[in-house]
Amino acid sequence: MADIILGIESSCDDTSAAVLRDGWLLSNVLASQEVHKAYGGVIPELASRAHQLNIVPVVSEAVSRAGIALSDITAIAFTRGPGLLGSLLVGTSFAKALSLSLGCPLVEVNHLQGHILAGFVKQYDKPNEVPSFPYLCLLVSGGNSQIVKVNSPLEFEILGQTIDDAVGEAFDKCSKLMGLGYPGGPVIDRLARQGDASRFSFAKPHVPGLDYSFSGVKTSLLYFVRDEMAKDPSFLENNKEDLCASFQKTLIDILMDKLIKAAKQTGIRDIAIGGGVSANSGLRERVVREGEKRGWRTFLPELKFTTDNAAMIAIAGYYHYLNGERSGLDVAPVSRAAEL
Ligand code: KG4
């Protein structure tokens, strides 16, 4: 009999539900929250309220688009963390209640493992090429910047990670600083395409090993813009494309230097990227270019799988389900990855 997994994701500001049959995608429904744009960042209390409004219609829609009945569900996979506690609580409570009413098992999922495994969701109209284990995944989002050695769908080794800000945070904070809006990544990405990336240079960190640091480059941009604005108040307006292109290139250089080092150290040539920042057009081009130069096989997630979505939670949950892992009804969400 087929294993039908309902995935539920509510870790930040996207409410999502997806259905997989034996790993094949039947539906993936997402309700994004526009309410935060006015505040320039996610407001946790507003996020959890919006999840409460969205969760029932989103799950109903996912089940209906999948063409299944609730009674067909084999197991429910939900994001336990990391994320915003109030947001996670909505998805977790809903998943528990539904599993209790259907009498089906509950499987908790680490959100980051979801991002890493997003490429393993099988789609009927796609080639579905996946990396061989072990492979390296550059996991880049608003909360994380890590190089992960993926030994199997259940075994992950963090080879390096940021010691301060995540790269997505650097995009978001610097966009705010330049008055470009939130979320910063997509705006900087768009403006960078029209700019000259060699025009300005920003300080790069010297962090040993495979760890990252992004707070210094943010400060470097801050002081540079402040000094230039003191000389010419229209500097920002007249140079924003070049600033974005140069800043983005610096972030990509930092990411790639360590990724290349990790590939050399491990001898691994299957390289994937994941997380919100993996949508960045400059990073995607660079990974492909380096891959061609270095004989890597590169795996870029489809754009719809770079943002938070429940299909990636369902696929990660499916592997845990096959491994016999189950969560009890006393399971509670956790805000930090270290607690998982
Ligand atoms: O994975 P994600 O949706 O949420 C978590 O942090 O878990 O990542 C969101 C981050 C934000 O910092 C956003 O600015 C960044 O991903 N982002 C991008 C792009 N699209 C989203 N950063 C750079 N370029 C993009 N095109």
Side-chain angles (χ1 to χ4, degrees), residues 9-16 28 30-33 36-37 40-42 44 47 51 79-85 87-88 91 109-119 137-146 148 161-162 165-178 180-195 197 212 214-215 217-218 244-245 247-256 272-287 300-313 316 333-337 340:
E9 155 65 26
S10 73
S11 65
C12 190
D13 59 343
D14 293 305
T15 318
S16 181
N28 187 29
L30 180 82
S32 298
Q33 303 175 3
H36 308 286
K37 282 217 165 97
V42 177
H51 283 304
T79 305
R80 186 177 172 210
L84 300 171
L85 212 47
S87 290
L88 290 163
V109 171
N110 177 326
H111 180 80
L112 304 178
Q113 293 183 9
H115 273 303
I116 292 170
L117 297 174
C137 181
L138 177 69
L139 179 61
V140 277
S141 71
N144 290 275
S145 305
Q146 298 180 334
V148 182
Q161 60 191 327
T162 182
D165 288 351
V167 63
E169 235 177 316
F171 271 110
D172 293 337
K173 286 181 180 168
C174 287
S175 169
K176 206 168 177 177
L177 182 151
M178 293 188 278
L180 299 176
Y182 173 87
V187 188
I188 293 183
D189 190 358
R190 184 170 44 79
L191 289 168
R193 273 178 239 156
Q194 301 147 35
Y212 286 120
F214 292 100
S215 71
V217 58
K218 179 192 68 191
C244 286
F247 176 66
Q248 178 172 295
K249 181 181 180 298
T250 309
L251 296 181
I252 295 173
D253 285 347
I254 298 171
L255 288 171
M256 292 309 296
I273 57 174
V277 181
S278 69
N280 185 271
S281 58
L283 176 63
R284 295 171 79 91
E285 277 167 33
R286 189 69 175 276
V287 167
L300 311 181
E302 269 183 73
L303 289 182
K304 70 176 179 202
F305 289 146
T306 60
T307 52
D308 291 344
N309 68 88
M312 68 183 198
I313 301 304
V334 291
S335 57
R336 294 161 63 89
L340 281 161

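Quick note: residue numbers are just sequence positions, from 1. When a ligand or atom number is given, it counts from 1 through the structure's own listing order.
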[X] heavy atoms, cut-off 4.0 Å: which ligand 1 atoms fall inside?
| X | result |
| --- | --- |
| Gly143 | 6 (O) |
| Gly168 | 12 (O) |
| His115 | 1 (O) |
| Gly185 | 14 (O), 18 (C), 19 (C), 22 (N), 23 (C), 24 (N), 25 (C) |

* Is a salt bridge present between Asp189 and Arg193, judged by a nitrogen-to-oxygen distance below 4.0 Å? ->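 Salt bridge between Asp189 and Arg193, a charged N being under 4.0 Å from a carboxylate O: yes.
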Going by atom types alone, do [X] and [Y] pair a side-chain donor with an acceptor below 3.5 Å?
| X | Y | answer |
| --- | --- | --- |
| Asn144 | His115 | no |
| Ser16 | Asn309 | no |
| Asn280 | Gln248 | yes |

* Asked: So is Cys12 in contact with ligand 1, going by heavy-atom distances below 4.0 Å?
  ->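 Flag not set, Cys12 not near ligand 1.
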Top protein contact for [atom], by heavy-atom distance:
| atom | answer |
| --- | --- |
| atom 9 (C) of ligand 1 | Gly142 N, 3.8 Å |
| atom 3 (O) of ligand 1 | Asp308 OD1, 3.7 Å |
| atom 15 (C) of ligand 1 | Val277 CG2, 3.9 Å |

Using a 3.5 Å cut-off on N or O atoms only, is [X] in polar contact with ligand 1?
| X | value |
| --- | --- |
| Phe171 | no |
| Gly276 | yes |
| Asp172 | yes |
| Asn280 | yes |

* Asked: Should Glu169 and Lys218 count as side-chain neighbours, where that means a heavy-atom distance under 4.5 Å?
  ->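 No; the side chains remain at least 4.5 Å from each other.
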* To do: Answer side chain, backbone, both or neither: which part of Asp189 comes under 4.0 Å from ligand 1, heavy atoms only.
  =>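 It is the side chain that touches ligand 1; the backbone stays farther off.
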* Return the set of residues passing ring-ring contact (aromatic ring centres under 6.0 Å, His included) with Phe214 (not counting sequence neighbours), or none when no residue passes. =>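 ring-ring contact (aromatic ring centres under 6.0 Å, His included) check on Phe214 returns Tyr212.
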* Applying ring-ring contact (aromatic ring centres under 6.0 Å, His included), name anything that partners His51, two or more places apart in sequence or on another chain. =>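 Per chain and number, His51 pairs via ring-ring contact (aromatic ring centres under 6.0 Å, His included) with no residue.
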* Asked: With distance as the sole test, does Arg284 use its side chain to make a donor-acceptor pair with the main-chain N or O of Ser278 at under 3.5 Å?
  ->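 Indeed, once roles are kept as given, a pair shorter than 3.5 Å links the two residues.
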* Asked: What are the two closest non-hydrogen atoms of Ser141 and Ala166, and how far apart are they?
  ->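 Smallest interatomic distance, heavy atoms only, reads O-CB, 3.6 Å.
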